[in-house]
Each structure stands twice: as C-alpha cells, then as structure tokens.
Amino acid sequence: MQRILPVMTKMDLSTLSQKFRGCMLGSLLGDCLGAPYEGDSSVSKAVLQQYFDKIEGPPFKAPIKQYTDDTAMTKCVAESLIDCRGFDPQDMAKKFVKEFFASPRRGYGQNVVRVFMKLKDQKCEDPFGPAKEQFDGAGSLGNGGAMRVAPVALFYHQDYPALIEKARKSALLTHTNKLGRDGAILQAIAVYQGLQSIPSEGIDATTFIKELMNKMHEIEDDDYGVEMEECRPYQKQLSVALDLLDADGSPDDINTKVCDLLGTNIAALYSVPTAVFCFLRALRPIPDIETENPFRRTLQYAISLGGDTDTIASMAGAIAGAYYGQSAISESLQRHCEGHAEVMDLADRLMAACNKP
Ligand code: F2R
Ligand code: MG
Ligand code: MG
C-alpha cells in the first residue's frame, strides 16, 4: 500500500498529552452538546449559533449538559484499557454491563440492551457470544461500536496493526455485523490520523480521505475476500465525502446532499463517514457558523446536520480533538459538560498506561 501521510515521528510528550485530552474531551463535548438535538431532522444554524455563543460566553450559567450512552461506553473502554494495560474482552464487557445497570437511562440503542442483559446472565463468561445473536444472527450495524472506540485508537497509537485488531474486537462485543464493526475501525483510523497530524503543518483534506480509503481498502477486501466495488461500502462513502468537500452549490444544497448521500442516522455506514466529513469541512470557514475556532466549528456543523447529532458530533469531536489538542477547546464549553474533569483524568491515565514499558 502506498503511504500518503508521513509515518509518525515521535511526538513530544506534552503535545501528545494535549492531543489525548483533546480527543477524549472532543468526544465528550460532541455527545453532551449534540444530545439535546438527537433525532431532529435538521437544526437551524441560527439557533445553534445562539446556543454555542451562550454556552461559551462567560456570563451564562446554564445547567450542565448531561452525557449519554456514547460517553458512558467510551469511559468504560478507557477504564478497561487502563486497568488491564490493553484490551481484555471480559473486563470490557463487565464494565459495559456494570455501567448500564448502574445508569440505564443514558439513551442506549434499543437493541444493544439485550446484549447487556445476556452478558449479565452469563457473568460475561463468553463476552463475544450475545452480540452474535443480535438481529437473528445478522449482528448490529449501528454506530455504537464506533462511538466509543476513540480510547482504543489512543492506547494503540504506536502499534497500527494492534490498533486495527483491537478496534475490531472491541466492536465485536456488541456489533458483529460487518458494517457496525468496520465503522468502528474507520473511526479508530480517523482518530489515529488526527493524532498523527500537526496543526501548525495543516491537513490536506483530500490526502486525509485518500489515506483513509487506502486503509479501508485493506480492511474491506479482507472482509469479503473478493475485489468487488459493491463490497467496499466505506470506501464508497469516503469517495462521496471527497466529492462533497469540493462540491459547487449553495450551502443549503450542499448540506442537503451531505444529509442525503452521507447520512445522519444511527447506522455506522451513514454516520461515521459523515463525522469524518464534518471534521474536514470545518478546517475552513462554513457559512452561517460564526466562530474562529475550528474545533467548535466542527461540533456546530455536525449538530446542524440533525439526525444522530450526539453521536456524529462525538465522533467528529474525537477526531478534531485528537488533531487540535485540548488548548483549542474552550474551557467554558468544557465546564458545561458533565464529567469533563473525569474524562480529562482518563485521558492522562490512558497516556500513562500506554507509555509504560
Ligand atoms: N438510542 C439512541 N437514540 C434514540 C433516542 C434516545 C433518546 N434521546 C433517549 O434519551 O431516549 N442513541 C444511541 O444509540 C446509537 C447507538 O446505538 P447502538 O449501540 O449501535 O445500538 P443498537 O441497538 O445495536 O443499534 C441501534 C439501532 O440500529 C438499528 N439496527 C442495528 N442493526 C440492525 C440490523 N442488523 N438490522 C436492522 N436494524 C438494525 C436498530 O433500529 C437498532 O435499534 C447512538 O446514536 C447512541 O447515541
Ligand atoms: Mg447517545
Ligand atoms: Mg446518538
């Protein structure tokens, strides 16, 4: 495979720490700030502008925005990687179950709850078993594996083959359908690429997507064992994203195409490439989104598309945070999100754990 991005040179620890925190906070903020709009068909850019301005403005004291299943599960993934110094399926499954039964009203996917119940009944003896039975054996194609995968990408950022393998296995605890599982792998690779890239050097959006397509080519061809166009759904969606980044037309027309072609729903295939697109589109100004801050622009744009707003903003936020680092994330936005201090602490412990010999 031809490499487009330079191979990661060793980053100094303070930059890496900023990026770990940025990624975890980005994931949290996208979830908390996007959750109030989840399920809306579209969200007015003017309303969102006010919403973000108020939350970011120092005089405004709003109630804390609650996180949802996206963060509840991301925290479990991070805790498990830290406690076990790597991926341990049984431990991770136990943490999912404990978290769900302690706090079940976090807006979990309707069907994944059945996996937690079965896991609880069998005390996580066979952590991969219950997920295989979902949807009459077809497995879930939802974005639940992707929405929580960021800590895996952080933990294994020095070992790309392990990153892919552990992203796949962590998804299989709940999502065995190829689309659900490969969506998690794509999101993990996008976070990895964000982490590798240096903001002062900039990102070329085309290069970023082509690199993702190259990497997904290996994953998808491996899945199907044949070289067929229709067997590369994620590569196809990424090429749509590439076209949309350069598309001519009014902002409304382009947004309609983004929603129609890339999608904003709960399926991984119609939300993970959308999150990647949001991150890349927000590298430059977007009409009707008034902020100089490209991290905030990423979240505001992702939420404006409507649909699965918490999850798409959370995934886009994780990629953006891994790229820009914590210093790009307004403290006021952070303070308005439930669990921000805890998530930052998890980022620090995750980094310490993965750097231990
Ligand atoms: N559940 C939600 N949002 C619903 C509204 C929440 C509301 N705000 C509230 O508070 O009550 N959001 C969360 O769910 C998504 C992640 O879901 P996950 O973990 O993938 O769950 P699941 O159950 O496996 O799949 C979700 C749905 O996708 C459809 N589906 C999946 N696989 C399918 C298959 N093979 N065939 C047919 N349909 C399939 C089903 O409708 C599943 O219920 C995130 O958005 C998170 O925020
Ligand atoms: Mg959610
Ligand atoms: Mg959601």
Side-chain angles (χ1 to χ4, degrees), residues 26-43 65-77 92-93 95-97 99-100 103-119 128-150 152 167-168 170-188 223 233 259 262-275 278 299 302-318 337-339 343:
S27 171
L28 173 77
L29 268 58
D31 179 19
C32 291
L33 300 173
Y37 299 98
E38 192 184 22
D40 290 4
S41 52
S42 71
V43 188
K65 304 278 176 206
Q66 304 283 313
Y67 65 73
T68 76
D69 58 329
D70 304 56
T71 301
M73 295 195 85
T74 302
K75 282 172 55 191
C76 291
V77 170
M92 200 173 279
K95 285 185 163 64
F96 288 159
V97 170
E99 169 60 35
F100 172 72
S103 195
R105 291 189 218 291
R106 292 271 187 195
Y108 282 87
Q110 276 186 340
N111 291 69
V112 74
V113 168
R114 253 182 257 160
V115 175
F116 302 142
M117 288 173 170
K118 288 182 184 172
L119 284 171
F128 294 109
K132 293 181 196 156
E133 293 164 12
Q134 293 290 85
F135 299 95
D136 296 326
S140 175
L141 47 74
N143 52 21
M147 74 188 183
R148 63 176 190 243
V149 81
V152 176
R168 175 184 281 117
S170 71
L172 289 177
L173 290 170
T174 48
H175 291 68
T176 60
N177 187 288
K178 278 193 240 313
L179 295 174
R181 187 197 63 200
D182 287 355
I185 296 176
L186 172 59
Q187 172 65 11
D223 279 353
C259 294
L262 285 181
T264 57
N265 66 45
I266 219 163
L269 185 61
Y270 299 111
S271 52
V272 182
T274 316
C278 290
L299 298 194
I303 297 168
S304 77
L305 298 174
D308 195 359
T309 48
D310 63 334
T311 305
I312 296 174
S314 178
M315 294 190 292
C337 294
E338 178 194 7
V343 157

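All values below come from the heavy atoms of this structure, side chains included, with hydrogens, waters and symmetry mates left out. Start at 1 and go down the list; that is how both ligands and their atoms are numbered.
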| said: Please report whether ligand 1 has a polar contact with Phe135, defined as an N or O pair separated by less than 3.5 Å (distance criterion only). | reply: no
| Tyr67 and Asp310, any side-chain heavy atoms less than 4.5 Å apart | no
| remark: Of Ser140, Gly142, Ala35, the one whose closest heavy atom lies nearest atom 22 (P) of ligand 1 is Ser140
| note | The atoms of ligand 1 lying under 4.0 Å from a heavy atom of Tyr108, numbered in the order shown, are 1 (N)
| message | Could you measure the distance from the OG1 atom of Thr309 to the CD1 atom of Ile303? Nearest 0.5 Å is fine. | response | 6.5 Å
| note | Quick look: Arg106 vs ligand 1, heavy-atom contacts under 4.0 Å, and the answer is neither
| Side chain or backbone of Ile266 under 4.0 Å from ligand 1, or both, or neither, by non-hydrogen atoms? | side chain
| message | Which of the protein's N, O or S atoms come within less than 2.8 Å of the Mg ion (ligand 3), not counting waters? | response | Glu38 OE2, Asp308 OD1, Asp310 OD1, Thr311 OG1
| request: Find out whether Cys337 and Leu33 are in side-chain contact, i.e. whether some heavy atom of one side chain is under 4.5 Å from a heavy atom of the other. | output: yes
| query | Does ligand 1 have any atom sitting under 4.0 Å from a heavy atom of Met73? | reply | no
| note | protein heavy-atom neighbour closest to atom 32 (N) of ligand 1 works out as Leu141 N, 2.9 Å
| message | Quiz question for you: does at least one protein heavy atom lie closer than 4.0 Å to atom 47 (O) of ligand 1? | response | yes
| Step by step, would you call Cys76 with Glu99 a side chain to side chain contact (heavy atoms under 4.5 Å, CB included)? | CA-CA 8 Å; Cys76 291; Glu99 169 60 35; 3.5 Å; yes
| task | Side-chain contact test, heavy atoms from C-beta onward, threshold under 4.5 Å: evaluate it for Thr74 versus Met147 and give yes or no. | result | no
| message | A side-chain contact here means heavy atoms from C-beta on lying under 4.5 Å apart; do Val77 and Val152 qualify? | response | yes
| request: Measure the spacing between CE of Met73 and OH of Tyr108 and express it to the nearest 0.5 Å. | output: 6.0 Å
| field | atom 19 (O) of ligand 1 - nearest protein heavy atom and its distance | value | Gly144 CA, 3.3 Å
| Close-contact set for ligand 1 against Asn143 heavy atoms, below 4.0 Å | 15 (C), 16 (C), 20 (O), 44 (C), 45 (O)
| Taking distance alone, with no angle check, do Gln134 and ligand 1 share an N/O pair under 3.5 Å? | no
| note | for atom 17 (O) of ligand 1, nearest protein heavy atom and its distance come out as Gly109 CA, 3.8 Å
| query | For residues Thr311 and Asp70, is any side-chain donor paired with an opposing acceptor at under 3.5 Å? | reply | yes
| request: Check whether any side-chain heavy atom of Arg148 lies under 4.5 Å from a side-chain heavy atom of Thr174, and answer yes or no. | output: yes
| query | Going by the order shown, which atoms of ligand 1 are within less than 4.0 Å of some heavy atom of Thr311? | reply | 44 (C), 45 (O), 46 (C), 47 (O)
| field | Euclidean distance, Asp40 CG relative to Asp308 CG, rounded to 0.5 Å | value | 11.5 Å
| remark: Near Gln110 (heavy-atom distance under 4.0 Å), the atoms of ligand 1 are 23 (O), 43 (O)
| said: Regarding ligand 1, does Asn177 bring an N or O atom to under 3.5 Å of one of the ligand's N or O atoms? | reply: no
| Can you tell if the side chain of Phe96 reaches within under 4.5 Å of the side chain of Leu119, non-hydrogen atoms only? | no
| field | salt bridge (charged side-chain N to carboxylate O under 4.0 Å, His left out) involving Lys95 - partner list, sequence neighbours excluded | value | Asp83, Asp91
| query | For ligand 1, is there an N or O atom under 3.5 Å from any N or O atom of Val112? | reply | yes
| query | Of all the non-hydrogen atoms in the protein, which one sits nearest to atom 45 (O) of ligand 1, and at what distance? | reply | Asp308 OD2, 2.6 Å
| message | Looking at non-hydrogen atoms alone, which of Gly180, Gly107, Pro36, Ala131 comes nearest to atom 10 (O) of ligand 1? | response | Gly107
| task | State, without any angle test, whether Arg181 and Ser170 hold a side-chain donor-acceptor pair at a distance under 3.5 Å. | result | no
| query | Which atoms from ligand 1 have a heavy atom of Asp70 less than 4.0 Å away? | reply | 46 (C), 47 (O)
| remark: Here the atoms of ligand 1 under 4.0 Å from any heavy atom belonging to Asp310 are 47 (O)
| Which of the atoms in ligand 1, numbered in the order shown and given with their element, are less than 4.0 Å from a heavy-atom of Asp69? | 13 (C), 14 (O), 46 (C), 47 (O)
| For atom 18 (P) of ligand 1, closest protein heavy-atom neighbour | His175 NE2, 3.6 Å
| task | Please list all pairs passing the side chain to side chain donor-acceptor pair (under 3.5 Å) test where one or both residues lie in residues 262-275, with sequence neighbours left out. | result | Asn143-Ser271
| said: I'd like to know whether Lys178 forms a side chain to side chain contact (heavy atoms under 4.5 Å, CB included) with Leu141, so could you lay out the CA-CA distance, the side-chain angles of the two residues, the decisive distance to 0.1 Å, and finally the verdict. | reply: CA-CA 7 Å; Lys178 278 193 240 313; Leu141 47 74; over 6 Å; no
| Short side-chain donor-acceptor distance under 3.5 Å, Asn177 and Ser140 | no
| task | Find the distance between CD1 (Ile312) and OH (Tyr37) and round it off to the nearest 0.5 Å. | result | 16.0 Å
| task | Would you mind listing which atoms of ligand 1 come within a distance below 4.0 Å of any non-hydrogen atom of Asn111? | result | 23 (O), 42 (C), 43 (O)
| query | Does Gly139 have a heavy atom less than 4.0 Å from any atom of ligand 1? | reply | yes
| Among pairs that include at least one residue of residues 103-116, which meet salt bridge (Lys or Arg N to Asp or Glu O under 4.0 Å), considering only residues two or more places apart or in two chains? | Arg106-Glu338
| Shortest protein heavy-atom distance from atom 7 (C) of ligand 1, along with the residue and atom involved | Glu38 OE1, 4.2 Å
